[in-house]
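For reference, the structure discussed in these notes is given below.
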Protein chains: 4
Amino acid sequence: MAGNSFGQLFRVTTFGESHGKGIGAVIDGCPPGLALAQEEFVREMARRRPGRGSFDTPRKETDEVEIMSGVFEGLTTGAPISLFIHNQDADSESYEVIKNLFRPGHGDYTYFKKYGHFDYRGAGRYSARETVARVAAGVIAEKLLEPAGIKIKAYTIELGGIRAESFDLEAADENPLYCPDSKAFERMEQALLEAKNQQDSLGGIVEVRVKGCSQGLGEPVFDKLDADLAKAIMSVGTVKGVEIGEGFGAARLKGSENNDSITPEGFRTNHAGGILGGISNGDEIIIRAAIKPIPSIGIEQDTINRHGRPARIKITGRFDVTAIPRIIPVLGAMVKLTLADHYLRYKVTREGLEDSF
Amino acid sequence: MAGNSFGQLFRVTTFGESHGKGIGAVIDGCPPGLALAQEEFVREMARRRPGRGSFDTPRKETDEVEIMSGVFEGLTTGAPISLFIHNQDADSESYEVIKNLFRPGHGDYTYFKKYGHFDYRGAGRYSARETVARVAAGVIAEKLLEPAGIKIKAYTIELGGIRAESFDLEAADENPLYCPDSKAFERMEQALLEAKNQQDSLGGIVEVRVKGCSQGLGEPVFDKLDADLAKAIMSVGTVKGVEIGEGFGAARLKGSENNDSITPEGFRTNHAGGILGGISNGDEIIIRAAIKPIPSIGIEQDTINRHGRPARIKITGRFDVTAIPRIIPVLGAMVKLTLADHYLRYKVTREGLEDSF
Amino acid sequence: MAGNSFGQLFRVTTFGESHGKGIGAVIDGCPPGLALAQEEFVREMARRRPGRGSFDTPRKETDEVEIMSGVFEGLTTGAPISLFIHNQDADSESYEVIKNLFRPGHGDYTYFKKYGHFDYRGAGRYSARETVARVAAGVIAEKLLEPAGIKIKAYTIELGGIRAESFDLEAADENPLYCPDSKAFERMEQALLEAKNQQDSLGGIVEVRVKGCSQGLGEPVFDKLDADLAKAIMSVGTVKGVEIGEGFGAARLKGSENNDSITPEGFRTNHAGGILGGISNGDEIIIRAAIKPIPSIGIEQDTINRHGRPARIKITGRFDVTAIPRIIPVLGAMVKLTLADHYLRYKVTREGLEDSF
Amino acid sequence: MAGNSFGQLFRVTTFGESHGKGIGAVIDGCPPGLALAQEEFVREMARRRPGRGSFDTPRKETDEVEIMSGVFEGLTTGAPISLFIHNQDADSESYEVIKNLFRPGHGDYTYFKKYGHFDYRGAGRYSARETVARVAAGVIAEKLLEPAGIKIKAYTIELGGIRAESFDLEAADENPLYCPDSKAFERMEQALLEAKNQQDSLGGIVEVRVKGCSQGLGEPVFDKLDADLAKAIMSVGTVKGVEIGEGFGAARLKGSENNDSITPEGFRTNHAGGILGGISNGDEIIIRAAIKPIPSIGIEQDTINRHGRPARIKITGRFDVTAIPRIIPVLGAMVKLTLADHYLRYKVTREGLEDSF
């Protein structure tokens with residue numbers, strides 16, 4: 001109710017702040033009997049860690065995920081799984097200077113208005129650090145989706161206005177921006193270095209594809225699969241837009257162009273992005289997210305302080321030039337959480353069907 | 001859980017099918033003491049009714065909303081309010097010919113795969129007719145928002161590739177497409193007539209603006225106001241994309257361009273679209289939805305039948321050329337439902353604050 | 001959230017008032033493909049109807065259940081099923097005289113304090129009439145439980161202090177109090193007639209037994225099967241106590257007496273009442289409910305009016321001498337709703353298990 | 001959904017096992033601005049700790065509650081509060097001998113049937129140790145209720161068949177059984193020592209009283225205050241029955257005896273136990289719980305093993321002779337959690353009223 005949980009049957013609650021003891025997640029509803037080892041979190045955590053590219057500020061975050069409950073003798077038990085990631089590199093001193101100022105583009109102002117305080121130490125609850133719990137929970141969701149043959153892949157298709165034009169998804173893993181076009185990657189990297197020099201930041205577009213999703217996921221009329229995916233994606237801090245399939249492009253097509261004809265072998269095209277009537281149609285699910293430029297910039301900006309007085313703010317210390325690529329595993333995780341939840345919900349309906357027919 | 005409810009504290013459940021007895025809604029959580037008369041539904045129902053423009057197929061749908069419970073002596077009682085709209089113009093004969101064919105772009109195929117059947121009589125549960133219940137529920141949400149000074153307005157900014165370039169929101173009510181640019185409207189109307197002649201359909205973009213929303217609505221980290229709005233909008237059948245504020249445009253801006261500086265008088269710009277950190281910041285909330293072209297077209301298309309055999313389908317009978325303008329009050333209603341829910345949730349947090357400080 | 005819904009996966013929402021248009025229910029989460037006909041409601045509705053015994057005030061309530069949605073060609077579709085029962089015998093005149101008085105033992109006083117009004121016309125929302133919707137929804141729950149071999153039976157074991165001493169459950173259906181002891185029934189009937197002459201009322205104890213419930217229903221630690229049954233039963237207006245198995249009697253047994261030893265053939269005794277650790281153990285589930293005497297009595301009582309002034313109240317018109325037997329199908333329905341919900345929830349866990357092992 | 005959360009607006013999720021790393025709770029929905037210090041958990045934790053009486057097995061459990069998130073500068077922030085209590089005295093060796101046997105009266109059998117495994121190390125998730133998280137969460141609930149003047153007190157009124165006959169609630173805190181009758185306490189203590197010698201166990205009855213609860217808490221028709229209290233109480237492992245006010249006694253009263261007449265000064269009696277129509281009436285709320293004798297006994301019993309073969313089981317090692325008094329703070333906590341949740345829900349309705357009138 002207070003907004004820190006996601007999902008109905010596969011339900012994830014995150015807790016923790018960027019400069020407190022750490023970040024955690026409780027996953028309630030994970031079926032029993034899934035093999036789960038602490039090591040399985042390492043790869044995803046590494047993808048979320050900063051310092052992959054030359055444009056990135058290196059940081060000492062090992063982000064080790066500790067399983068606190070719900071696993072016995074290497075298997076999930078059906079009891080809630082709780083995960084905890086200790087904060088290690090919690091240097092809150094650099095925040096002292098801006099302690100009373102609202103950073104433009106951040107939640108400082110709205111948190112203060114809503115909760116009567118804001119956490120100047122790196123944003124506290126509304127820090128991007130919270131997403132580490134989502135990525136960890138996503139690893140468990142993936143354990144549920146894997147046996148069903150469902151695979152999720154997220155990658156960068158635009159950054160700083162530079163668009164990927166070739167799509168070699170294998171290649172995407174080989175560059176630090178997860179860009180499927182290695183030439184576009186080079187230009188993106190260049191743009192990032194320029195923005196970094198200017199103490200400015202860049203946005204971009206991330207695409208997520210789901211392969212192997214069976215037909216039938218989605219609970220109309222309100223919990224349509226695309227509706228829940230839109231919420232999942234938009235719940236990530238820097239996202240300002242979500243599209244499914246043809247997305248905003250569909251607004252400019254005619255019905256005869258946008259409809260995907262059906263053949264005995266499947267859909268001839270995939271303008272729908274794998275979802276019809278709010279239910280997965282068996283085709284690839286395609287989602288795109290618009291990522292705004294990170295609001296923390298070194299350029300001086302106008303703002304006000306806690307007392308409403310005008311002030312100038314200049315953010316120093318470490319910060320990323322773009323939310324990409326660190327947001328990539330987060331968006332992937334949100335899609336995994338959504339699908340794991342809808343997968344279990346789908347099973348309830350099918351179960352009923354099999355019982356009654 | 002089965003997806004037919006929306007909202008947490010202001011909770012709407014819809015039921016009914018396009019060719020059954022009618023469509024209904026139950027609203028649980030409406031506070032007691034609000035004046036509510038049957039007449040108040042008339043205006044919104046009229047906006048949703050077809051036959052406003054020359055491009056539109058006139059239909060006899062009076063869509064009278066009957067209040068079945070929850071109102072006593074003209075006031076809401078705090079008990080669940082149920083609304084029912086009888087189906088009147090339920091001609092299911094024209095559907096006989098396509099009884100066994102999956103219409104491309106519709107939910108026929110996925111409903112059949114998920115539920116073991118599909119309702120060939122005008123889509124049944126997944127018909128756009130279900131949205132009549134949302135519009136009716138939105139009227140009650142508005143009763144809650146009005147005293148708080150919150151106003152919602154939806155209008156067309158693009159149709160068939162033609163974009164509104166002037167924004168006279170008063171004028172928007174004067175043309176049947178709710179377009180704020182009367183010149184663009186004329187070109188849009190022309191495009192609709194052409195598409196109609198071609199038996200094809202068009203898509204477009206609708207914008208919704210919220211004025212007067214106080215600071216503090218939104219429940220991070222998952223139930224951010226923008227996340228819940230994205231879900232609300234995407235849960236409407238023909239929507240394929242959602243943006244907040246600068247939206248996909250933000251992906252191409254620099255941080256220094258996209259950040260809204262703060263002054264003692266408020267935000268200098270509104271790239272954020274009125275939401276920061278998932279919480280309303282007091283500025284106008286701006287949402288855009290990409291509407292796909294209506295999949296029902298008269299042009300013959302490839303499809304398959306229930307048994308997986310190839311077939312040709314040609315949809316005859318009445319259908320709209322575009323989901324716009326009928327989707328306008330539906331999108332407005334979804335924003336109202338979201339805000340009414342978050343308004344009550346916001347009150348819980350504030351109540352706590354006032355008690356404890 | 002506002003308390004008018006019950007269940008998670010098999011979710012029932014009721015609406016309506018005793019002297020409004022009628023009473024309804026929406027069932028969201030009923031699996032598709034179950035055969036359901038309007039006639040199936042008749043038997044249960046008849047059991048709830050007054051006028052079965054000589055102690056009872058006859059009333060003209062036919063209570064026909066109308067299926068408003070969710071059924072197509074005789075089968076449930078997976079869409080929400082809505083049911084509506086029109087009010088017919090809505091004589092609100094007799095309430096005029098006590099319009100401003102709070103009836104002792106009723107919700108008048110608390111509804112007025114909570115919602116700012118109370119519905120003097122036969123209690124409105126908090127009338128026992130609301131339970132007609134629960135009984136109707138219970139019929140659908142039963143459709144889900146029947147194929148799984150789960151059977152629910154409710155009967156009277158005590159009334160006005162007279163306790164059934166023999167337990168012939170077949171015989172219970174043959175007397176108007178559903179009492180399994182025909183001799184005790186005669187004494188109960190006598191006691192009811194005496195109480196009626198005194199214009200007073202009586203309470204009693206109802207027992208519900210569930211046969212054929214498989215092992216594994218219940219979701220610890222909070223949604224234990226017994227916890228959810230206790231809530232279900234206590235949510236019925238006149239219930240003041242709930243017991244499972246040995247119940248309050250267990251408080252006086254030793255562990256060696258109360259433990260049910262386990263043998264390869266099953267449990268040797270059933271003090272547990274079919275539930276261990278919050279999960280059904282395959283044995284009969286046994287629940288007992290304490291029913292208070294109906295608060296509407298003809299004897300004059302002290303009370304206050306809306307303005308807090310002292311007053312005398314004497315309730316005239318029709319009312320029952322006891323909530324039994326009319327509460328019998330209601331308690332049965334609440335157990336059915338609870339089990340249908342937990343049956344679907346159980347399937348989710350098992351599904352997971354079967355996938356992973 | 002998977003049953004590990006309690007409450008709607010004040011929502012508590014517990015996690016952890018008796019012999020894992022520890023037990024935790026996440027509280028989502030606690031309003032911001034409440035002062036909360038780690039020390040405040042000490043008193044309640046001490047009450048739950050074993051070794052208070054001569055009949056009790058002393059154990060080294062310090063049960064220090066660590067606040068992991070949600071508190072900043074000594075105040076709750078509105079973000080989820082997570083609490084963690086490390087397991088210290090986790091000796092799982094003594095369980096080896098009964099590793100494959102289902103203990104009668106415990107959840108071993110049903111957990112095995114439901115989840116495909118059971119945690120022989122002291123019951124794992126279904127250990128009474130889980131309740132430590134409930135007691136910790138209850139401390140936070142109390143912080144919310146205190147300023148509203150709501151006080152909760154739990155005490156023993158019956159043990160091993162011995163009933164308290166005088167009610168000096170001050171005295172209850174002075175004996176290790178929290179019995180308000182010091183003479184009855186002595187006999188209870190004697191009975192416990194005898195049962196201990198016999199390697200048997202005893203049950204009893206606990207009463208909980210709520211003073212100072214304002215009128216209006218409770219959300220009919222399903223989330224009645226008594227219904228939610230019944231669930232809360234019954235969700236505690238050893239509870240087999242719940243009563244409100246007159247409880248099962250009401251079944252034997254006449255309406256004229258059981259009705260509480262209303263006077264300008266309040267209710268003349270309190271048979272209702274402070275709840276009318278599912279809503280608190282401003283009077284004391286009175287709840288009683290039947291506690292079964294602890295199933296772990298030293299006397300040899302019949303059971304079966306994992307493979308369904310007959311076996312004899314004799315439980316050795318430490319265990320309590322009765323769940324009382326350790327269950328006292330747990331039941332108190334469950335009442336606190338229920339009231340905190342309903343207090344916030346009540347505020348939503350009132351807020352509406354104040355806005356609209």
Side-chain angles (χ1 to χ4, degrees), chain C residues 1-3 6 8 102 104-105 107 110 113-114 116 126 130 161 200-201 203-205 215-216 219-224 226-227 230-231 234-235 240-244 247-248 250-252 254-256 258-259 261-262 264 276-277 279 281 290 292-293 295 297 299 301-304 308 310 353, chain D residues 1-3 6 8 102 104-105 107 110 113-114 116 126 130 161 200-201 203-205 215-216 219-224 226-227 230-231 234-235 240-244 247-248 250-252 254-256 258-259 261-262 264 276-277 279 281 290 292-293 295 297 299 301-304 308 310 353:
Chain C
M1 187 58 39
F6 184 83
Q8 305 284 331
F102 301 127
T110 48
K113 293 293 178 185
K114 184 182 181 81
Y126 52 102
E130 179 269 336
D200 214 335
S201 64
I205 299 176
Q215 300 158 335
E219 302 292 325
V221 294
F222 291 110
D223 297 352
K224 289 180 164 120
D226 36 359
K231 171 169 177 165
M234 197 70 102
S235 78
K240 296 303 284 183
V242 189
E243 297 184 318
I244 303 291
F248 276 85
R252 298 187 175 177
K254 293 188 174 177
S256 57
N258 189 59
N259 281 354
S261 351
I262 319 178
L276 274 174
I279 299 171
N281 67 12
K292 74 171 183 181
I297 54 174
I299 299 169
Q301 301 171 82
D302 283 330
T303 188
I304 57 173
L353 269 182
Chain D
M1 186 58 40
F6 184 83
Q8 305 285 330
F102 302 127
T110 49
K113 293 292 177 185
K114 184 182 182 80
Y126 53 102
E130 179 269 336
D200 214 335
S201 64
I205 299 176
Q215 300 158 335
E219 303 291 324
V221 294
F222 292 110
D223 297 351
K224 289 180 164 117
D226 35 359
K231 172 170 176 162
M234 197 70 101
S235 78
K240 296 303 283 184
V242 190
E243 297 183 317
I244 303 292
F248 276 84
R252 299 188 173 176
K254 293 188 174 176
S256 57
N258 189 59
N259 281 355
S261 345
I262 319 180
L276 275 174
I279 300 172
N281 66 12
K292 74 172 184 181
I297 54 174
I299 300 169
Q301 301 171 82
D302 282 329
T303 190
I304 57 173
L353 270 182

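Each chain gets a letter, A, B and so on, in the order its sequence line appears, and its residues count up from 1.
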Output the option from [options] having the highest count of non-hydrogen pairs under 4.5 Å with chain C.
{"options": "A227(D), G308(D), G161(D), G241(D)", "result": "A227(D)"}
{"options": "K292(D), Q215(D), Q8(D)", "result": "Q215(D)"}
{"options": "I205(D), V242(D), I299(D)", "result": "V242(D)"}

Can you tell which of [options] has the highest number of heavy-atom pairs within less than 4.5 Å of chain D?
{"options": "G203(C), G216(C), P293(C)", "value": "P293(C)"}
{"options": "G105(C), A250(C), G107(C)", "value": "A250(C)"}
{"options": "S261(C), A230(C), P220(C), G277(C)", "value": "P220(C)"}
{"options": "E219(C), K231(C), Q301(C)", "value": "K231(C)"}

Side chain, backbone, both or neither of F102(C) within contact of chain D (heavy atoms, under 4.5 Å): both
So which part of K240(C) gets closer than 4.5 Å to some heavy atom of chain D, the side chain, the backbone, both or neither? both
Which atom names give the shortest non-hydrogen contact between [X] and [Y], and what distance separates them?
{"X": "S235(D)", "Y": "F222(C)", "answer": "CB-O, 3.6 Å"}
{"X": "A251(C)", "Y": "G204(D)", "answer": "CB-O, 3.2 Å"}
{"X": "M234(D)", "Y": "D226(C)", "answer": "CG-O, 3.5 Å"}
{"X": "I262(C)", "Y": "I304(D)", "answer": "CG2-CG1, 3.7 Å"}
{"X": "P264(C)", "Y": "P310(D)", "answer": "CG-CD, 3.5 Å"}
{"X": "G247(D)", "Y": "A290(C)", "answer": "O-CB, 3.9 Å"}

Is there a donor-acceptor pair under 3.5 Å between the side chain of N281(C) and the backbone N or O of T110(D)? no
At a 4.5 Å cut-off on heavy atoms, which part of [X] comes close to chain C: side chain, backbone, both, or neither?
{"X": "D200(D)", "result": "side chain"}
{"X": "F6(D)", "result": "both"}
{"X": "I244(D)", "result": "both"}

